[in-house]
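Just below is one structure, and these are the notes that go with it.
All chains are named by letter (A, B, ...) in the order of the sequence lines, taking the proteins before the strands, and each is independently numbered beginning at 1.
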Amino acid sequence: MGIQEQYISEAAGLLSSGAVKLVIGYSEGSTTDRRRPVFVRTPAEAERLMLDGACVANLSTYLLSEGLLSDGKSVAVFLKPDGIRSINILAAEAQLNPEQLVIFGFDIQNGQARPLQGRKISDFTPIVEAARAAGLSPELQGEAERLEHISAAERFEYWKEQFSKCIKCYACRQVCPMCYCRRCIVDVNQPQWVNTSSHTLGNFEWNIVRAFHLAGRCVACGGCDRSCPVNIPLRLINHRMAKEVLDAFDYYAGESTDQKPVLATFRPDDPETFIL
Amino acid sequence: MSEPFEPKIVAFVCTYCTYAGADLAGTSRMKYASNVRMVRLPCTGRISPMFILKALQKGADGVLVSGCHPGDCHFAQGNYHARRRWTVFRALLAFTGIPEQRIRFSWISAAEGAKFADLINTLTEDIRKLGPFDQYHELQKVIETQATY
Amino acid sequence: MAKIGVFVCHCGENIASMVDTANLVAEISEHPGVEICTEYKYFCSEPGQETVKRAIREHNLTGVVVAACSPRMHEQTFRKACAEAGLNPYMLELANIREQCSWVHTEKDEATEKAIEITRSLIEKVKRNNALFPISVPVTRRAMVIGGGIAGIQAALDIANAGREVVLVEREPSIGGHMSQISETFPTLDCSQCILTPRMVETVQHPNITVMTYSEVEEVDGYIGNFTVKVRRKARYVRMETCTGCGDCIQKCPVKKIPSEFECGLGNRSAIYTPFAQAVPNVPVIDRSRCLYFKNGKCAICKKTCQIDSIDFDQQDTIETIEVGAIVVATGFQVQNTSLYGEYGYGRYKDVITGLHFERLASASGPTAGKIRRPSDGKEPETVVFIQCAGSRDVSKGVRYCSKICCMYTAKHAMLYSHKVHDGDTKIFYMDIRAAGKGYDEFTRRAIEEDHAGYVRGRVSKIFEENGKLIVRGVDMLLGRPVEVAADMVVLATAMVPQPDAKDFAKIIGIGYDEYGFFNEAHLKLRPVETATAGIYLAGACQSPKDIPDSVSQASAAAAKILGLFSREHLEREPVIATVSDSTCAGCWGCVTACPYNAIDHRDINDRNGNLIKRVASVNPGLCQGCGTCVSFCRSNSIDLAGFTEKQIFAEVMAL
Amino acid sequence: MTRILLKNKLDDCIAAWRSAGFSVLAPVRRSDLSRFDEVERSADMALDLVLTERTIKDHFFPQTEPLVKYRIKKHDIDSQEMLPPDRKRVFFGVRPCDASGLAIDDPLFGWDYRDEYWFKRRDNAVIVTIACTASDDFCMCTSVNLAPDSTKGSDVILRPLQNGNGWLVEALSDRGNALLEPIASILQEGSESPAPSASVPVRFDVEKVMEWLADPASFESHFWKDISVRCIGCGSCTFLCPTCHCFDIQDEGDTYTGIRRKNWDSCSFPMFTMHTSGHNPRNTQSTRWRQRIMHKFNYYRGKFGVNSCSGCGRCTRQCPVDMGITETLQAITNLPK
């Protein structure tokens, strides 16, 4: 039995026993290479579930849908290691109770979905440890370094061009499990810290602020980057932040359900070579 | 000969150390460049990165953020939190091409009037050498311009 | 609509000479929302303040900007004036055009331009100020005094005598501090013990004072009026309740050759000991690291000796939690380790000693019973050299500051020596004689004129041993030639330095310290007794080097401050605190983690039927100190700081 | 009498228009994004795209547009209107769906007052459309009564030749005729036949959709909740839509001066309907999605007699969670009677 069949049958079982009220997974999309998120509530519907190498979206975002978990009932969700780290952060930031989750963990290797052992968040500690040990993506690092090797002025021009494309649709924010604020900073208008207009200045401010808010929280699931309808390489800026907190504070986002936020904690001997 | 460029610099400082240090520079009648405008906050912990972006939007060619030395924070820990934020924010700005030389951070205690005066002079001179931050200010100018089509 | 009054102060010529105030007034008068803008020579003067008050009343001003000196100088003055005119005192901002403008710039047009911009920016801020009202918090009318030296004793007695409870915490086995080590005191040559011991006894017997010796403060939580202090009572292994202080155990203790800390190593003590004969309380402690019983489980002679079974080897440290409303920090000083002066040979030559050693030698209760005997061979020294500033006022090796007491005690030492060794000879190497104080200069004159103290102005470059003598080589600056003295003993006037753990302690209790580790006062001149942390006060040499009368005065001052605080059951606090926007708080608790004061907690918001709607952060107004760390952390801007709100700062920046 | 524009004459054509005072905008792929932008040479154009990622709406109704510049003085305010300049533009290589989008929006910007900012640009623009010979899985013009060779909203239509060398040229309006004048000598007479139009399947029954939406009972149907459950509430579908036209007015500035701006807004955003009181009449994503569908296929036609959809399919094509109008309208089509 392949992973898809195995997970479908298990999901159906959980639904029919009432162990979970909902399974959030993937189903067929509007084209052959697309998978779309699906909400399965009955055992019969479980047949719609799919799991293969095209299932890339981080579904943890949906767990924060208003009221979804407030009845205390359990929900099953399909998650890759990045999504599992998201759950750790969301639990650490008190946005959900991980005890309510049944996690169908999987990883994609060579284009194939492979099962991950365990169903509870605590079962995946070794997976997260392994992810940390494997380090940040060398691919992203390579791309980021290419940018870092050019002059600041050239880099500014690069981002100016990229951010000028932004239309402030906020797909990056909406798809991100970390962007759960009830009122985004950009919607604060007293005072209006971030210019809401999508001129390049406003776009610069928006993208910088979002990257800052994701520092130490982004798990590099790539959701924002994939969602961006105007193809801004958001992955790079988020990667740069992840690298900064790792290098400066030895901090890797989403390690556990009780990890403290990197920017709400400190060590007296934190590096400060840049401070005069 | 054109006038030498006079940079606009905005400083965000805590009231207990750097602001007091600036006061000390004053009571000691030290002289320094007049390019800096100070915004007084209770603690560096109160200084949000947004302040820096707004100062740039308002035409600042440089920004100074300054507070108590580690261990000396009136609020015990505010500056440690600030330091982490600065580390991250500074890396972010640098990555987006906002030169590190324009956004400076320092610790200046209430007793360091001379350090304050020196820093303002050095900073002003450094920014003067860099020239106006046209690249960023251009973004604001574009906003104020009529549409081209 | 905002109606802002702007008052431009000349500060005599201080501002007006560098800022074109007429131009400033003209520019500011055109600023939107400015109802009235005037200038005057001294707005802080009575008629100046009257002008402000009248303008507030006549123009119904909604906010006031005084363009003058630093808010650190006169913010309170003008807040009071506003309040008297019926305007909320927090509707005021000071535009600092003196310390940060007229005094530091040299070009009038630049300074004027800057003054205009500063003032405009604060007008925009004040437009967004909110009326704030002081926060009332209950006061626990019990004080804690940390440190049982003369400063701590004085503070404790003053507070207790005024009828308030005091907890006095001392980490040594006895109270008394450095003063108990001193032989006689300048300038009266009173016997130190004679004047101190009665105070010590009074303290321990006072019904309002609880003395906790051999105890250390481990944790301080809370805020003015409401501190919670955790104190570790170290195990004495002797029951305080029953011990009569007979001293039999000390006599019988077989471990006797331990250098006594009290005697600066000039005498010995046993493993069970009281630091000195007049110790208060007169209850010994067992030095666990030296006691044979603790080392190998054998001995226990003290336990066998004690007739009332007061020895308890099973005693454990206990932690006591004490609620107090105010704290006096009187943790004292240490003498600097002078071995850093290799050329003086301290530590190498037994007869090179510190001033504190000399006190013990001169003390009637000391190891030599008051006879001056040099440590190496117990002989009476015929020539004694005193070296002042052996550490103080020395940028390269010692400390930059003056330790203040050394000139006086060196004169005293020379005097005591000449009283005890009539044909003895003294040489005092000094840089200056600093003898400011009541009877002080007379005292040093007496040392010179009556007791023939041999003052030599100059520094000592080297001390070496030759034929049983200490050869002191220096320079006499007044004569302009080198001098060499063959001495029998050399006394170094070492620097007074902070306690080695002063910085750690400052962090525990939450107060500031200077580059040396002396604790910082709130204002060197005007608030020398308070710390920047409300409710915590300083007394004695933990703040800076002090002699006994200064320490006692400061202790009484601290007591007076505390008694003022305790005069009411509630106190009013600055309302500069954080507040949470319930509707937008997402409950991530980042602010809870970040808050340095644990002032933020969770709060449930329920519907009418009591069902939980959401949990939000909630600020305890008693604990919040108003740093604003939480505000900058909050990603959704759901927490704000009164007096420095996001709106205010935004407006300030956008006006620049 | 058919006229032909050969591909190898395109550069001459651009040059002729430019010297006649037109800016020429065409599909380009710049900084990893396909859109309309000014071109000087045919080599800059990306005419092989099925559709640009961004629509030409951007050039008539920009994402952010300055309306008024103001300066705050002590007792009053100086203000100065910031109308766009008169600038003649040719949009070359527009797809029929995007061209139709402009025509769909015209009545909206003129029904109660004439929106100068829209019409100044419309009046100065000539739309040269190229009929589609290719489509993708998301195209749905045929489902909304349009076609790969619709002429709605176009001033000139170009139909690709069978041999791929150029286009049959047909002017559809006075403005189109006028545009062909400067290139009259560049065009040729010919009799080549056009390539067949792209075959775009009909994906839903729009008549049935309109009928169902018009039924008051549909408004409260649980259908909306089910169909929109995975919508994340971003604005990418609305901002990439050639007909979405909602905007918000914002003042941006400092203490002294500022600009009043017209910014795109999206019915997908919770803040779109947020009242000052804190009450939000459309406080769930399903009610917002319902609004979007209702507006496009019910309310808009009620007011302007036309559906506010030109079938470009961008809403689905670029949706982060693979939603879009097609899926919803298919589901309505498949609802049991």
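- Neither the backbone nor the side chain of B:A60 has a heavy atom closer than 4.5 Å to any heavy atom of chain C.
- With a 4.5 angstrom heavy-atom cutoff, B:F12 touches chain C only via side-chain atoms.
- Within the 4.5 angstrom heavy-atom criterion, only side-chain atoms of B:V10, from C-beta onward, approach chain C.
- Looking at C:N14, only its side chain comes within 4.5 Å of chain B, counting heavy atoms on both sides.
- Among the candidates C:C595, C:C627, C:P596, the single residue satisfying the side chain to side chain contact (heavy atoms under 4.5 Å, CB included) test with B:Q77 is C:P596.
- Looking at heavy atoms from C-beta onward, C:T629 lies in side-chain contact with B:R85 at the 4.5 angstrom threshold.
- Using a 4.5 Å heavy-atom cutoff, the side chains of B:D23 and C:Q100 are in contact.
- Looking at B:H74, the atoms closer than 4.5 Å to chain C (heavy atoms on both sides) sit in the backbone and in the side chain alike.
- With chain B as partner, the option from C:Q625, C:R72, C:E110, C:E652 having the largest number of non-hydrogen pairs under 4.5 angstrom is C:R72.
- Distance check, rounded to the nearest 0.5 Å: CG of B:N35 to NZ of C:K114 gives 8.5 Å.
- Within the 4.5 angstrom heavy-atom criterion, atoms from both the backbone and the side chain of C:Y513 approach chain B.
- C:D640 touches chain B through its side chain: at least one heavy atom from C-beta onward sits under 4.5 Å away, while N, CA, C and O do not.
- Using a 4.5 Å cut-off between heavy atoms, C:E515 does not touch chain B at all.
- For the pair C:F633 and B:S48, the minimum side-chain heavy-atom distance is 4.5 Å or more.
- Across B:C43, B:A110, B:C73, the residue that shares the most heavy-atom pairs under 4.5 angstrom with chain C is B:C43.
- Your options are B:E6, B:K8, B:H69, B:R37, and the one with the most heavy-atom pairs under 4.5 Å with chain C is B:R37.
- The structure places OH of B:Y32 at 12.0 Å from OG1 of C:T106, a figure rounded to the nearest 0.5 Å.
- At least one side-chain heavy atom of C:M654 sits under 4.5 Å from a side-chain heavy atom of B:Q57.
- For C:L656, the parts sitting under 4.5 Å from any heavy atom of chain B are the backbone and the side chain alike.
- Looking only at side-chain heavy atoms (C-beta outward), B:D72 and C:N520 stay at 4.5 Å or farther from each other.
- Remark: side-chain polar atoms of B:K54 are not paired, donor with acceptor, to backbone N or O of C:A651 under 3.5 angstrom.
- Classification of C:E124 and B:K58 as a salt-bridged pair fails, no side-chain N sitting under 4.0 Å from a carboxylate O.
- Ion pair B:R29/C:E99 not flagged as a salt bridge, since none of the NZ, NE, NH1 or NH2 atoms sits closer than 4.0 Å to an Asp/Glu carboxylate oxygen.
- Under the 4.5 Å side-chain criterion, counting only non-hydrogen atoms from C-beta, B:F51 is not in contact with C:F650.
- Not one N or O on the side chain of B:S34 forms a donor-acceptor pair closer than 3.5 Å with the backbone of C:H105.
- At distances below 3.5 Å, at least one donor-acceptor pair connects side-chain atoms of B:K31 with backbone N or O atoms of C:W103.
- B:M38 CE to C:C101 SG: the interatomic distance, rounded to the nearest 0.5 Å, is 11.5 Å.
- Counting heavy atoms from C-beta on, the side chains of C:S632 and B:I47 never come closer than 4.5 Å.
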